[in-house]
Participant: 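Dropping the structure in here first, questions after.
Lettering of chains follows the sequences in order, A, B, ..., and the numbering in each one begins at 1.
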Amino acid sequence: MGLNLKELVIREKTTLEAFSNKVIAIDAYNAIYQFLASIRGPDGLQLTDAEGRITSHLSGLLYRNVNFLSLGIKPVYVFDGKPPSLKTAEIERRKQIKKDATVKYEKAVAEGNMEDARKFAQQTTSMKDGMVKDSKEFLTYFGIPYIEAPSEGEATAAHLTNTGQAYASASQDYDSILCGAKRLVRNFTSSGRRKIPNRNTYIDVLPEIIETQKVLDSIEMTREELIDVGILIGTDFNPNGFERIGPKTAMKLIKQHSRLEDIPQIQEQLEEIDFQQIREIFLNPEVADVDEIVFNDVDHEGVMKYLKERSFSEDRIQSTLNRLKKALEKKSQNLDQWF
DNA sequence: CAGAAGCA
DNA sequence: TGCTTCTGG
């Protein structure tokens, strides 16, 4: 899952307000997956409507987008297309993890250990086609645009930051840096305290911004070199990385030799992966070219009707929409004062 | 996850 | 009022 570049990059804490009036390309899969994983009851089960269809993603999208729009942030969601064929092994690996977690979940439930049950249930999270369809339809009622990427969503999101159509790409995965995003935002949520699982402690989660050029300058590397570092550590396209090589060693080796082909001690292992193609996925990914990103007004009635059909309480939807309306009115007032 | 409710 | 816990669907 993603790439362990955490210790190599400079991250600057910021706030959601800092993104007011900016277009942010959101890695839709990444965001929705997190809603599906975390919006659950104490038993670990997701929220569902009267027909038993999962609604956790809709709940997450509702509140988060209301917050974005209230602050004048312009989100554009980028959905994944067909994964690169090199990702097959990683996809299988994730499937297996979910299978194992399902067994552990059932065991924990049988033993009445609800804390574990919840933890393992989260690990079984998977995204179904219906959820993608739901999310796109729901975004449309919000007037929020979405883009269907031909392949990895992150790559198209990164592309938009380079065409100037988006200020930053929002994802929890560091891959966006290798994809060439100008800026990456992590924790792109209303900041707040988050509970550490099982522990009785909380941490403050603030949005953090990563400027790719600053990262490259600070480690004195080119993007090509950083991609090779990534491949040494392990990417979605070679999930195991290289034996006995973590971030520190990877950096040292690339600093010394510049590229994978020139590191003597890894040549045998290097033959086992298609590193040229992995580089290509990061350097020249298949992306969607977008003419214009259009934001529409929120269709309050549409949002209400859609969520009522999915068993959301009318009162809750109404008060959430009122909050949005109030915030937008206040915004236009502030704007009027200028003229 | 994020808002609502509960509580000092 | 601010912090913790509960609930949503």
Participant: Would you confirm whether A:Thr320, through its side chain, and A:Arg316, through its main-chain N or O, come within 3.5 Å as a donor-acceptor pair?
Facilitator: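 Such a contact is found between A:Thr320 side chain and A:Arg316 backbone.
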Participant: Nearest to the side chain of A:Ser319 - B:dA2, C:dG9, B:dA4?
Facilitator: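 Shortest atom-to-atom distance from the side chain points to B:dA4.
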Participant: Taking atom P of B:dC1 as reference, at what distance in whole Å does atom CZ of A:Phe68 sit?
Facilitator: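 Value for this atom pair: 13 Å.
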Participant: Among the nucleotides B:dC1, B:dA2, C:dG9, which one has an atom lying closest to any side-chain atom of A:Ile39?
Facilitator: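 Looking only at side-chain atoms, A:Ile39 lies closest to B:dC1.
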Participant: Taking only the side-chain heavy atoms of A:Ser38 (C-beta and beyond), determine which of B:dA2, B:dC1, C:dG8 contains the nearest atom.
Facilitator: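 Closest of the options to the side chain of A:Ser38: B:dC1.
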Participant: Keeping A:Ser59 on the side-chain end and A:Ser56 on the backbone end, is there a donor-acceptor pair under 3.5 Å?
Facilitator: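 No, the answer is negative, given that no donor and acceptor are paired below the 3.5 Å cut-off.
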Participant: Has A:Arg64 got a side-chain N or O lying under 4.0 Å from the OP1 or OP2 atom of B:dA2?
Facilitator: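 Checking B:dA2 against A:Arg64, a side-chain N or O does come within under 4.0 Å of OP1 or OP2.
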Participant: Check whether any side-chain N or O of A:Arg323 sits under 4.0 Å from OP1 or OP2 of B:dG3, and answer yes or no.
Facilitator: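 Yes, A:Arg323 has a side-chain N/O under 4.0 Å of OP1/OP2 on B:dG3.
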Participant: Can you measure A:His57 atom NE2 to B:dC1 atom P for me and round it to whole angstrom units?
Facilitator: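 Atom-to-atom, A:His57 to B:dC1, this comes out as 17 Å.
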Participant: Nearest-Å distance, CZ (A:Phe312) to C1' (B:dG3)?
Facilitator: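 A:Phe312 atom CZ is separated from B:dG3 atom C1' by 13 Å.
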Participant: Closest heavy-atom contact between A:Ile266 and A:Leu260?
Facilitator: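 In this case the closest contact between A:Ile266 and A:Leu260 is CD1-O, 3.7 Å.
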Participant: Tell me: CD of A:Glu115 to P of C:dC6, nearest whole Å?
Facilitator: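 Rounding to the nearest Å, CD of A:Glu115 and P of C:dC6 are 12 Å apart.
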Participant: Send over the distance from A:Arg40 CZ to C:dC6 P, rounded to a whole Å.
Facilitator: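 That distance rounds to 20 Å.
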Participant: Rounded to whole Å, please give me the gap between CG in A:Asn65 and C1' in B:dC1.
Facilitator: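 That distance rounds to 13 Å.
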Participant: Under 4.0 angstrom, heavy atoms only, what part of the nucleic acid is A:Thr48 near: base, sugar-phosphate, or nothing?
Facilitator: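 Base, at least one base atom sits under 4.0 Å.
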Participant: Is it true that, when you exclude A:Lys326 itself, more than 12 heavy atoms of the residues, nucleotides or ligands shown sit nearer than 6.0 Å to its NZ?
Facilitator: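 Open: at most 12 neighbouring heavy atoms sit under 6.0 Å from NZ of A:Lys326.
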Participant: From CG of A:Asn30 over to C1' of B:dC1, roughly how many Å is that when rounded to an integer?
Facilitator: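 About 14 Å, once rounded to whole Å.
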Participant: Check A:Phe188, A:Phe142, A:Phe19 against A:Phe68 for a ring pair (Phe, Tyr, Trp, His ring centres under 6.0 Å) and give me the one that passes.
Facilitator: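 The ring pair (Phe, Tyr, Trp, His ring centres under 6.0 Å) with A:Phe68 is passed solely by A:Phe188 among A:Phe188, A:Phe142, A:Phe19.
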Participant: Look at all strands and tell whether A:Thr320 reaches a base, only sugar-phosphate, or nothing, counting heavy atoms closer than 4.0 Å.
Facilitator: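 Contact class for A:Thr320: none.
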Participant: Remember a base hit wins even if backbone is also touched, and classify A:Gln46 as base, sugar-phosphate or nothing at under 4.0 Å, heavy atoms.
Facilitator: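 Base contact.
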Participant: When you measure from the side-chain N and O atoms of A:Asn67 to the phosphate of B:dC1, is any distance below 4.0 Å, counting only OP1 and OP2?
Facilitator: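 Negative; the distance criterion is not met.
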Participant: Whole-Å distance between C:dG9 P and A:Ile54 CD1?
Facilitator: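 My rounded result for the distance is 15 Å.
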Participant: Which part of the nucleic acid does A:Thr189 contact within heavy-atom distance under 4.0 Å: base, sugar-phosphate only, or nothing?
Facilitator: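 Contact class for A:Thr189: sugar-phosphate only.
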